[in-house]
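Remarks on the structure that follows.
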Amino acid sequence: MKISSIYGKKVESTAGRRGYVISVNANGGRLECLVCADEEENEFSIDVKNIISIDNKIIYEDRESAIKTAKPLRLGCAGFDEKGNYLGILEEFTYSKNRLLKAKIGKKIYPAEGLLAGDVIIVKRVKRVNADVVKDGKVIIKKGTPLTNEVLASAEANGEYIQTNLKSI
């Protein structure tokens, strides 16, 4: 592909941001970013690693918006439940492949899906399965398992979505 074909090309993010390329920046013999402008001539950059496709227009993943909306995780802040009861101090987060899995607040561990982070940590009430979910005599979801999106997806894949929801009431 020729660089001249990129200049002036329309760009669109997965989040809907639109504009066009005004410059291509390189470093050490490698393309690093595209400098673009929107309809109001506000400049923004696209890291070439975030480009999904280049056809009639350039489609890219809008990591800049994700970074701007990200909030700091402050270890050592106070944790509360939805009713305002103090749970303890946020001691640790566990993550895998850039995904938060769980948090240790006080002496208990909570799934990361049920947390709201800010100046304090709010633990949303998490439904749990009250009885084993059984299919063909085999336990597919154990009693006490938090009802997360992954658990519901697994239940749906096994054809036991309704049973799982009923056993969490």
Side-chain angles (χ1 to χ4, degrees), residues 1-106 109-127 146-157 161 165 168:
M1 175 180 272
K2 296 184 179 184
I3 294 294
S4 61
S5 67
I6 295 176
Y7 284 93
K9 191 173 275 280
K10 292 182 180 183
V11 298
E12 185 176 336
S13 77
T14 53
R17 186 174 190 181
R18 298 171 189 252
Y20 61 95
V21 178
I22 59 175
S23 177
V24 178
N25 291 359
N27 184 20
R30 303 183 90 183
L31 293 181
E32 291 294 332
C33 70
L34 306 179
V35 179
C36 305
D38 62 15
E39 302 83 33
E40 297 169 1
E41 299 303 318
N42 296 318
E43 289 188 11
F44 61 96
S45 297
I46 300 171
D47 189 329
V48 294
K49 296 175 189 170
N50 295 334
I51 295 174
I52 297 170
S53 68
I54 300 177
D55 289 320
N56 295 334
K57 60 183 168 185
I58 298 171
I59 306 293
Y60 68 98
E61 184 179 7
D62 192 357
R63 297 292 304 142
E64 185 177 337
S65 294
I67 290 169
K68 285 181 180 177
T69 59
K71 297 190 180 356
L73 296 176
R74 294 185 177 103
L75 299 178
C77 66
F80 297 92
D81 66 11
E82 289 179 312
K83 294 180 181 179
N85 297 319
Y86 178 73
L87 301 174
I89 298 295
L90 173 65
E91 294 180 20
E92 190 63 78
F93 272 105
T94 303
Y95 75 97
S96 176
K97 298 179 184 172
N98 288 344
R99 183 165 175 213
L100 293 174
L101 302 174
K102 53 190 171 183
K104 183 177 182 192
I105 301 173
I109 297 191
Y110 300 91
E113 286 182 349
L115 301 178
L116 300 171
D119 292 334
V120 298
I121 295 290
I122 308 279
V123 178
K124 297 189 302 185
R125 191 177 134 219
V126 177
K127 286 186 175 181
L147 201 59
T148 63
N149 291 336
E150 290 82 20
V151 170
L152 287 173
S154 171
E156 185 176 11
Y161 183 82
N165 277 310
S168 68

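Since the structure is predicted, the reported quantities are computational estimates derived from the model, not experimental observations.
- Applying the salt bridge (charged side-chain N to carboxylate O under 4.0 Å, His left out) test to every pair with at least one member in residues 3-16, sequence neighbours left out, gives these pairs: Glu12-Arg18, Glu12-Lys57.
- When every heavy atom of Ala112 is checked against every heavy atom of Leu100, the shortest pair comes out as CB-O, 3.6 Å.
- Pairs of residues two or more places apart, or lying in two chains, that qualify as salt bridge (charged side-chain N to carboxylate O under 4.0 Å, His left out) and include a residue from residues 72-82 are Arg74-Asp119.
- Every side-chain contact (heavy atoms from CB on, under 4.5 Å) that Ile52 has, sequence neighbours left out, goes to Thr14, Ile59, Glu61.
- Sorted by first then second residue, the salt bridge (charged side-chain N to carboxylate O under 4.0 Å, His left out) pairs that include residues 30-41, not counting sequence neighbours, number zero.
- Here ring pair (Phe, Tyr, Trp, His ring centres under 6.0 Å) pairs that include residues 69-88, with residues two or more places apart or in two chains, are Phe80-Tyr86.
- Under the ring pair (Phe, Tyr, Trp, His ring centres under 6.0 Å) criterion, Tyr95 pairs with no residue, sequence neighbours left out.
- Identified under the salt bridge (charged side-chain N to carboxylate O under 4.0 Å, His left out) test for residues 89-100, with sequence neighbours left out: Glu91-Lys104, Arg99-Glu113, Arg99-Glu150.
- Using a 4.5 Å heavy-atom cutoff, the side chains of Ile46 and Cys36 are in contact.
- Take Asn25 and apply the side-chain hydrogen bond (donor to acceptor under 3.5 Å, both in side chains) test, not counting sequence neighbours, and it matches Ser23.
- Taking the side-chain contact (heavy atoms from CB on, under 4.5 Å) definition, one finds that Ser154 meets it with Asn158, sequence neighbours left out.
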Requested in this report: Assess whether side chain to side chain contact (heavy atoms under 4.5 Å, CB included) is satisfied between Phe93 and Leu75, documenting all intermediate values.
Outcome: CA-CA 8 Å; Phe93 272 105; Leu75 299 178; 4.1 Å; yes
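- With contacts defined as side-chain heavy-atom distances shorter than 4.5 Å, the pair Asp62/Asn50 does not qualify.
- Taking SG from Cys33 and CG from Asp47, the interatomic distance works out to 7.0 Å, rounded to the nearest 0.5 Å.
- To the nearest 0.5 Å, atoms CD1 (Ile121) and CD1 (Ile105) are separated by 6.0 Å.
- Applying the side-chain contact (heavy atoms from CB on, under 4.5 Å) rule to Ile22 yields the partners Tyr20, Val35, Ala37, Glu43; only residues at least two apart in sequence or on another chain are considered.
- Take Val24 and apply the side-chain contact (heavy atoms from CB on, under 4.5 Å) test, not counting sequence neighbours, and it matches Ile3, Ile6, Tyr7, Val21, Leu31, Leu34.
- Taking a 6.0 Å sphere around CG of Asn56, one finds it holds 12 or fewer heavy atoms contributed by other residues, nucleotides or ligands.
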